[in-house]
K.L.:
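Okay, handing you the structure first.
In what follows, every chain begins at residue 1, and chains take the letters A, B, ... in the order their sequences are listed.
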2 protein chains.
Amino acid sequence: MRHEERSPTLQDVAARAGVSVSTVSRVVTGSVAVEAGTAERVREAIAALEYRPNLLARSFRRRVTHTIGLLVPDTSNPFFAELARTIEDAGFAEGYSVILGNSDLSPVKQETYIDVLLAKRVDGVILASSGLIPRADGHDAVERILEAGVPCVVVDRDLGEMPVDQVLVDNERGGYLAGEHLLGLGHRRIACLVGPNDLTPSAGRIAGLRRALAEAGVAVAEEHLVRGNGRPDGGAAAARTLLGHGLDVTAIFAFNDQMATGAVGALQRAGCRVPEDVSVVGFDDIPLAAAIYPALTTVAQPIAEMGALGVRLLLDRIARRDAPWRRELLETRLVVRESTGPVTRREAEIEVARGSCEE
Amino acid sequence: MRHEERSPTLQDVAARAGVSVSTVSRVVTGSVAVEAGTAERVREAIAALEYRPNLLARSFRRRVTHTIGLLVPDTSNPFFAELARTIEDAGFAEGYSVILGNSDLSPVKQETYIDVLLAKRVDGVILASSGLIPRADGHDAVERILEAGVPCVVVDRDLGEMPVDQVLVDNERGGYLAGEHLLGLGHRRIACLVGPNDLTPSAGRIAGLRRALAEAGVAVAEEHLVRGNGRPDGGAAAARTLLGHGLDVTAIFAFNDQMATGAVGALQRAGCRVPEDVSVVGFDDIPLAAAIYPALTTVAQPIAEMGALGVRLLLDRIARRDAPWRRELLETRLVVRESTGPVTRREAEIEVARGSCEE
DNA sequence: AGCACCCCTGCAAACGTTTGCAGGATGCGG
DNA sequence: CCGCATCCTGCAAACGTTTGCAGGGGTGCT
């Protein structure tokens with residue numbers, strides 16, 4: 001550690017430039033015009049001292065931190081990693097830094113984080129698909145934030161009529177698109193690989209799938225609805241479960257690309273061909289989805305827009321606290337790649353096929 | 001927005017409890033004993049008012065923010081996402097929040113970020129494999145931070161004897177392990193898929209590979225060293241380049257799992273079997289590496305330890321600024337999975353094989 | 001010359017905490 | 001009863017900025 005002195009303050013600069021602190025403050029912020037010569041002397045002093053405004057003091061005084069809090073379930077999930085990335089970018093572009101927190105969907109961790117964020121006086125909070133488990137006293141995370149007078153936008157979690165800004169994606173339609181696609185390829189027996197929770201994104205996706213299937217008069221059997229941990233190994237495990245029951249489906253719809261990837265891998269490893277023996281469709285469209293072979297057919301989420309819009313909504317709210325609540329619904333899009341194809345096994349064969357994929 | 005009033009302060013609590021602000025402060029912080037009855041009254045007032053300490057004011061006064069800055073190249077890269085995650089976790093466990101920034105390896109973005117972090121008076125910053133391009137005036141990012149008197153630890157970038165805490169991984173040995181493994185399987189013609197930059201991690205890996213090969217009297221040809229953007233599509237593009245030159249290698253060593261995955265996908269899509277026709281080894285061991293088929297053989301980095309150790313070093317430095325510099329070297333580990341196998345094509349066949357993998 | 005402005009600058013208060021210092025009360029030993 | 005230590009509490013200064021207010025000097029107009 002070289003310097004042990006405190007960093008220079010307005011005081012120091014003022015002394016060196018022979019002016020008052022107010023004047024220095026004014027040239028630093030540019031809030032009020034300062035005579036050219038004076039300003040120049042001040043700037044020299046600033047440069048000489050390597051003065052850096054103490055944003056802590058400024059924020060304290062002005063009651064504005066130019067910092068936002070971002071709470072996501074888990075940044076090692078590529079979807080949230082990407083979302084966080086775009087939010088960070090958009091925030092940075094507008095002069096905001098972001099304090100990032102992983103909630104792991106744990107109510108207590110989330111509570112703790114919100115306390116910290118509020119105490120640190122962030123200008124706003126973005127809650128991503130998290131923070132939504134009501135507490136015993138009925139105040140959920142969103143209400144606590146709002147009651148503290150701090151702007152908040154919820155991303156990727158449908159809170160319905162609740163008075164809060166929301167940006168969400170049409171999960172129902174995403175599920176529907178996947179169902180429709182699979183149906184069009186002749187699939188009738190479809191497994192559904194759901195995530196670790198039943199938050200609204202999951203609920204919407206399965207509802208959409210069911211609607212599509214219902215229109216064709218088919219249903220998803222209870223034993224074809226298998227739950228995974230949301231990660232690749234969970235997808236693989238789920239696929240093995242399906243295999244263990246004798247694979248009596250011709251298609252799998254996974255609720256995210258990681259599980260889909262894990263499922264594809266496990267299927268192939270067991271000797272099943274994708275898509276010849278079983279088709280797989282994922283959700284999210286993470287970068288890796290297009291890279292693997294077979295490339296994943298998947299329901300793409302507009303992650304970048306979600307992040308950018310979330311930031312926009314938050315900044316708008318910060319600027320105008322009494323504006324009407326907004327609820328933005330973004331579209332999903334089916335991107336067809338290599339992991340889905342027409343059914344080749346006739347319905348009748350399926351029963352016979354039980355166990356045929358195994359080594 | 002419900003409440004428009006300012007949030008309650010020590011003043012308000014003091015007034016309600018009929019004591020002085022100092023007393024309230026003392027029960028809040030527990031710094032000095034307070035008589036039981038008084039303390040109880042104060043606590044009631046705090047609860048009634050929903051008082052929340054203004055951490056901004058406290059930090060300002062105490063000159064400690066309990067916030068650290070984390071600068072990484074890009075959190076959408078799974079390696080950094082995971083690293084950031086473990087750092088966030090370790091920090092949270094110790095009562096620190098983290099302000100996250102993506103530098104994109106851009107010097108100006110990085111400069112800007114460091115300015116912000118220093119101005120916001122973070123207690124320390126962790127620089128991940130970034131921030132290391134010297135400026136015109138010779139002061140690189142690390143020096144600027146250190147000169148400001150702010151603790152700093154560098155992760156995943158070897159700064160040699162530079163006086164700064166470093167945690168790094170033995171990239172050279174990682175490259176060596178990969179080379180050794182491939183050599184043992186009979187591979188002699190090996191392509192190397194390097195990343196978008198020549199920072200020390202890349203340099204170490206290729207040096208290690210070269211050392212292993214040199215021991216067996218083989219070299220990596222200039223045209224077998226191809227550069228990718230570090231992402232899956234870059235890996236795929238690189239594989240296609242190799243294919244275009246007639247695939248005259250039997251193995252590919254990619255500098256991260258994403259490029260490796262992209263390469264594997266592109267190879268398979270072109271009709272090449274992995275590992276029968278060409279073996280592929282990656283680096284990092286991201287979760288998806290084990291999920292795809294064939295599962296990636298890869299050089300695993302101890303990401304969690306890197307993050308945890310980085311935080312440890314930083315907190316130690318914050319606590320004791322004059323402690324000797326530490327430079328921790330972590331080990332890599334080869335994990336052999338399915339994407340590598342013995343060469344099946346004899347050397348002589350390779351020339352004939354040119355183009356054989358293509359459709 | 002007087003007056004009204006405008007431009008620039010300094011003074012001082014304020015933001016919400018923490019903390020050194022001192023004072024009042026209490027208890028205890030001599 | 002005195003001296004002294006201990007415990008609890010309040011006072012007020014300080015942290016580094018911002019900003020309302022006021023004052024001084026200049027300019028232009030009447």
K.L.:
Between the base of D:dC15 and the ring of B:Phe60 - centre-to-centre under 5.5 Å, planes within under 30° - is that a stack?
P.N.:
yes
K.L.:
Among all residues two or more places apart in sequence or in another chain, which pass the salt bridge (charged side-chain N to carboxylate O under 4.0 Å, His left out) test with B:Arg58?
P.N.:
none
K.L.:
Would you say A:Ser20 reaches C:dG10's phosphate, i.e. side-chain N/O to OP1/OP2 under 4.0 Å?
P.N.:
yes
K.L.:
Verify the distance criterion only: is there a donor paired with an acceptor across the side chains of A:Ser25 and A:Ser22 at less than 3.5 Å?
P.N.:
no
K.L.:
At 10 degrees resolution, what angle do the end axes of the helix from C:dA1-D:dT30 to C:dG30-D:dC1 form when each is taken over five base pairs?
P.N.:
50°
K.L.:
Roughly, in whole Å, what's the span from CD in A:Gln11 to C1' in D:dT17?
P.N.:
11 Å
K.L.:
How many Å lie between CD on A:Glu35 and P on C:dG10, as a whole number?
P.N.:
11 Å
K.L.:
What is the per-nucleotide protein-contact pattern of nucleotides 18-26 of chain C, from the 5' end, where B denotes a base atom under 4.0 Å from a protein heavy atom, S denotes such proximity for sugar-phosphate atoms only, and - denotes neither?
P.N.:
BBB------
K.L.:
Ignoring hydrogens, what is the shortest heavy-atom contact between B:Val28 and B:Pro53? Give both atom names and the distance.
P.N.:
CG1-CG, 4.1 Å
K.L.:
Could you state the atom-to-atom distance from CG of B:Leu56 to P of C:dT17 in whole Å?
P.N.:
10 Å
K.L.:
Does B:Arg312 come within less than 4.0 Å of B:Glu94, counting only side-chain N to carboxylate O?
P.N.:
yes
K.L.:
In whole angstroms, how far is the C1' atom of C:dA14 from the CZ atom of B:Arg6?
P.N.:
12 Å
K.L.:
If you measure from the Lys or Arg side-chain nitrogens to the Asp or Glu carboxylate oxygens, is any gap between B:Arg317 and B:Asp165 under 4.0 Å?
P.N.:
yes
K.L.:
Using the test salt bridge (charged side-chain N to carboxylate O under 4.0 Å, His left out), find all partners of A:Glu305 that sit at least two apart in sequence or belong to another chain.
P.N.:
none
K.L.:
Given atom CD of A:Glu40 and atom C1' of C:dC8, what is their separation to the nearest angstrom?
P.N.:
17 Å
K.L.:
The criterion is salt bridge (charged side-chain N to carboxylate O under 4.0 Å, His left out); which residues satisfy it with B:Glu40, sequence neighbours excluded?
P.N.:
B:Arg43
K.L.:
Would you check if A:Phe92 and B:Lys109 make a side-chain contact, meaning some heavy-atom pair closer than 4.5 Å?
P.N.:
yes
K.L.:
So which pairs with a foot in residues 115-127 of chain B pass side-chain hydrogen bond (donor to acceptor under 3.5 Å, both in side chains), sequence neighbours left out?
P.N.:
A:Ser7-B:Arg121, A:Arg52-B:Asp115, A:Thr67-B:Lys120, A:Ser97-B:Lys120, B:Thr65-B:Asp123, B:Asp115-B:Arg144
K.L.:
Hey, which sits more toward the 5' end of DNA chain D by its nearest nucleotide, B:Ala39 or B:Arg121?
P.N.:
B:Ala39
K.L.:
Under 4.0 Å, counting only non-hydrogen atoms across every strand here, what does B:Thr38 touch: a base, just sugar-phosphate, or nothing?
P.N.:
sugar-phosphate
K.L.:
Both B:Val19 and A:Thr9 contact DNA chain D. Which one's nearest nucleotide lies toward the 5' end?
P.N.:
B:Val19
